[in-house]
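A short worksheet on the structure shown next.
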Number of protein chains: 2
Amino acid sequence: MRIAEADPTSETAAVPDPAPSDLTTRARLRDAAIECFAAEGFGASVRTIAARAGVSAGLIRHHFGSKDALRAECDDAVLERHRTLKTEGLESPANAMAQLAEADEHGAMLVYILRSVQDGSPAGASFIEHLIADAAAYSEQAVASGILRPSLDPVGRARLMVTQSVGGLIVMLSLHPEIDLTDFKTVLAKTFEQIALPSIELYTNGVFADSTYLDQYLAYVEAQSPNAQSRTEQS
Amino acid sequence: MRIAEADPTSETAAVPDPAPSDLTTRARLRDAAIECFAAEGFGASVRTIAARAGVSAGLIRHHFGSKDALRAECDDAVLERHRTLKTEGLESPANAMAQLAEADEHGAMLVYILRSVQDGSPAGASFIEHLIADAAAYSEQAVASGILRPSLDPVGRARLMVTQSVGGLIVMLSLHPEIDLTDFKTVLAKTFEQIALPSIELYTNGVFADSTYLDQYLAYVEAQSPNAQSRTEQS
DNA sequence: ACGATTGCTATACACGCGTGTAGCATCCGA
DNA sequence: TCGGATGCTACACGCGTGTATAGCAATCGT
């Protein structure tokens, strides 16, 4: 039913329209929507999106049917772009974000993901769960190879680190509402530069001087339920 | 000019109106706005707020002039309530949030702060900066008393930990969009229970097995600019 | 070469929003 | 007792939004 920009079922031979951009208007509309959603959040109006794509507003309805459908297609596009980027490149959760922020297009993609999480949409939750699963898998492997310390709660640790990292970026995004589409790269780079040393330091040494807090908590949780858990203990 | 709920300048003798709640309608309106903003974000309509307070919608304009003025007053109220709560109670940044989440009213207050940050409003930025300043002050004191490890970048560490903690809560909030005003406490308690062990573990031991990453970064930053910084080094 | 489908624009509709205005009841001070 | 301020409601206006419809130009299949 839906005709993609390169669907071979109804493609004749050569490209039918050498547009100003080499993309189909539909694809340009989708990319413009991704950029607008990243820049302004999902409250961006369809007229703004259409104006950014250089077309009329009604064309969005003509191509996608509704704003929600357009957004769903943006979610799919970003999700798949992230997936391919993940499989083709290295996927070290620590600097995956930094890698994503390199190209401008990737920067917009990153911010789109942050907006999705910030918005509370199912797509955002899906992103988070994927990131957590990836982090957990990478963590297990890194623990096995001696890079990371083992944890009493591996998936809990992965969940914590992902939510905190993404959340920190969302906070930094919210702290700069005047952000422009052109300085995604700049702002992200400055942020990473700002938090690089503290985060590496935190991940290397922690912040507590000794293990009294951890010991106290473990004793507390042991007193609460002296049965399950605390079996894989080798911190 | 502004008539507070207990302003003695125009108070006769006894309470003039034994309303269903013992608060002024104006104060009830303000509290209802705080709750609605916490529950739905700042897109909550004035009609919703008025309905929650059990009054008409136009009354908001009558009392506050505009929705923005109402929100500003909510910001002030929450900020001052947080300030008093901070000074009167203990202020350990680690469990300050947990303490805030105890009472229902405090839970709504916490979520209001999170919404402010999420929204990107100046009030949210102010909250964050205050939290960072507090955390930095507490951190300095805790380092002096041997509870926390010293840092190569103390304020950077405080900034990182605050933004990540608050951001993690925002992500958790966004992951539960169906949140109801009545289970602020429940959701927050479950979240804290979920992240307690991983965060204590992280803050105690870090995640890296050794200090190669930190050493590499320090060497890199030293090679980049061999002059300033790296003087207060005693990690 | 011609009909039909496609790409696209322009305009209008319905809705929810914040805001403004008119009016009513009540309470207080002189 | 009475004038005026106060607390509050009901209703209407303008605006921006997503959505729907009508129509035009071009391209493609046959």
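Labels below follow one simple rule: chain letters A, B, ... track the order of the sequence lines, proteins then strands, and each chain is numbered from 1.
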Q: Using the test side-chain hydrogen bond (donor to acceptor under 3.5 Å, both in side chains), find all partners of A:E40 that sit at least two apart in sequence or belong to another chain.
A: none

Q | Heavy-atom side-chain contact between B:R159 and B:E129 under 4.5 Å | A | yes

**Q.** Contacts of type side chain to side chain contact (heavy atoms under 4.5 Å, CB included), residue B:H62, not counting sequence neighbours
**A.** B:L59

Q: Can you tell me the distance, in whole Å, between the CG atom of B:L59 and the C1' atom of C:dA25?
A: 14 Å

Q | Rounded interatomic separation in angstrom, taking CZ from B:R26 and C1' from D:dT6 | A | 13 Å

**Q.** side chain to side chain contact (heavy atoms under 4.5 Å, CB included) partners of B:S174, counting only residues at least two apart
**A.** B:Q118, B:I170

Atom pairs under 3.5 Å: protein N/O with N/O of nucleotides 12-19 of chain C:
residue	atom	partner	partner atom	Å
C:dG18	OP1	B:K67	NZ	2.6
C:dG18	OP2	B:V46	N	3.1
C:dG18	N7	B:R47	NH1	3.0
C:dG18	O6	B:R47	NH2	3.2
C:dT19	OP2	B:K67	N	2.8

Q) Is there a side-chain polar atom (N or O) of B:H63 under 4.0 Å from OP1 or OP2 of D:dC8? A) yes

Q. Please give, in whole Å, the distance from C:dG7 C1' to A:L29 CG?
A. 12 Å

Q. Got a sec, which residues hit side chain to side chain contact (heavy atoms under 4.5 Å, CB included) with B:A142, two or more places apart in sequence or on another chain?
A. B:Y138, B:I147, B:L148

**Q.** Gap between atoms NE2 and P, on A:H62 and D:dA26 respectively (whole Å)
**A.** 16 Å

Q) Expressed in angstrom and rounded to an integer, what is the separation of B:F64 atom CZ from C:dG20 atom C1'? A) 18 Å

**Q.** All side chain to side chain contact (heavy atoms under 4.5 Å, CB included) counterparts of B:A158, not counting sequence neighbours
**A.** B:A135, B:A136

